[in-house]
2 protein chains.
Amino acid sequence: MITFYDIPSTIPGQAWSPNTWKARYALNFKGIPYQTAWVEYPDIEATCKKIGALPTSKRADGSPLYTFPVIHDPSTGTSIAESSLIAEYLDKTYPDAPALFPPGTKGLQSAFLAAHRTALGALWQLIMPVTATILNPPSQVYFKATKFGPHLVDLILSGKEKEEQFSKLKEGFDILDELLRKEEGPFVMGENATFTDLAMAGYVLWMKKVWGEDSAEWTEVKGWHMGRWSELLTNLEKYETIL
Amino acid sequence: MITFYDIPSTIPGQAWSPNTWKARYALNFKGIPYQTAWVEYPDIEATCKKIGALPTSKRADGSPLYTFPVIHDPSTGTSIAESSLIAEYLDKTYPDAPALFPPGTKGLQSAFLAAHRTALGALWQLIMPVTATILNPPSQVYFKATKFGPHLVDLILSGKEKEEQFSKLKEGFDILDELLRKEEGPFVMGENATFTDLAMAGYVLWMKKVWGEDSAEWTEVKGWHMGRWSELLTNLEKYETIL
């Protein structure tokens, strides 16, 4: 059975990371059984090295940076890091399950995901400091010291600064909403979800879980674009299982 | 028969504009007969108003800006401006011809085209001053005075500045090359061309035609990414007809 590596937290169900949610959604979407291994931030690198998962980028000093999500599939002896690469691996290895990348759409979805990253640039300053507070102590220490540095993690925005950042975030979602309205149906390709939808949902779920369902922040986001973003979660709720 | 509105020039075949090429490619790709009406820049607005084509954006002073490409289709009594909208109209009105937007890909292709615009940001400073020189006198005057202003049109770059801008342009094409390598085959969706490929080709054709086949600039671009960009033109050569 596949082992899926995720980062725990103090929230119900533990899973919070937008990037690991993309891969967890992908596994659930394809209906592939897996078990979760919960690993705190300081142990991610050693875990990846042990199972042979590659680093996904470099630190400022040039040293390799290991990140989750990672899966290890004993049926092929493969370890894969990074959610898009995991999704491509799952499509290739389990072709009978529904496709995350329908034929011919890998480059196009990749372009959409790049647009998505850019569009949500304003989110980090808003949500990273709150995210730090829901981690377990060992991850919290690591996250504050090394992950994004004090400029992102130490200051929970308020007042005018927070309003401005929310207004930028709304502009980002405006761009995504416009792209989504190009086809009929709730998903980017219309009636059926693809990896792009799961990736967007990973970010929305992060907001809902870290800010909390009853927060002013989530209430604000829920109100945008005729409720599109909370509806996205509802449409994908059946893939929210944590195995 | 559809009338296709384009901007003339002094180069062989006249057609040079990347944006009108996108729509001309689209008509040829779908095999729809049309006739070209050649209109100089100063007459674009009056032409659009006469046939009921909408403006596509606003000038800095807030007044509406009318641009080509525009088509007028007498079979439906419709006039459409802007290459993506023209492509969507052609798919809808002529569904038996090959699809520019295969089912479900309008939002995804739109995201790719946005990435394409951003990736080629460095092109304008390099090519606009040269483009001005190939226009007919009435368009040339209008182009220099109003289109992009003296900062883009008056200075043909050379030396270090030109080298730096070319190196930025190369980085933009690196991004596109990486997205294209996600699928097997010459086009973004693999074996079959879509509107995104025609749009990319429109820009490459602009470079080839305005700089000229034997220029140092075109030779440079041809050498990038294993000849991918000149091959793109070769693969779409059968849709370069000027009717």
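Lettering of chains follows the sequences in order, A, B, ..., and the numbering in each one begins at 1. The structure presented is a predicted model; accordingly, all values stated were derived computationally and were not measured.
Atom CG of A:Leu108 sits about 8.5 Å away from atom CG of B:Leu179, to the nearest 0.5 Å. If you take NZ on A:Lys106 and CE on B:Met189, they are separated by 11.0 Å, rounding to the nearest 0.5 Å.
Between B:Glu183 and A:Thr105, the closest heavy-atom pair is OE2-N, 3.2 Å.
With a threshold of 4.5 angstrom between heavy atoms, B:Glu88 approaches chain A through side-chain atoms but not through N, CA, C or O. Interface residue B:Thr196: only side-chain heavy atoms are found under 4.5 Å from chain A.
Of the listed residues B:Gly107, B:Ala114, B:Pro102, the one with more heavy-atom pairs under 4.5 angstrom with chain A than any other is B:Gly107. Between chain B and the residues A:Gly190, A:Ser110, A:Ala115, the largest count of heavy-atom pairs under 4.5 Å involves A:Ser110.
With a 6.0 Å radius and a threshold of 12 heavy atoms from other residues, nucleotides or ligands, B:Glu178 has its CD atom at or below the threshold. Counting heavy-atom neighbours within 6.0 Å of B:Lys168 NZ, excluding the residue itself, gives a total of 12 or less.
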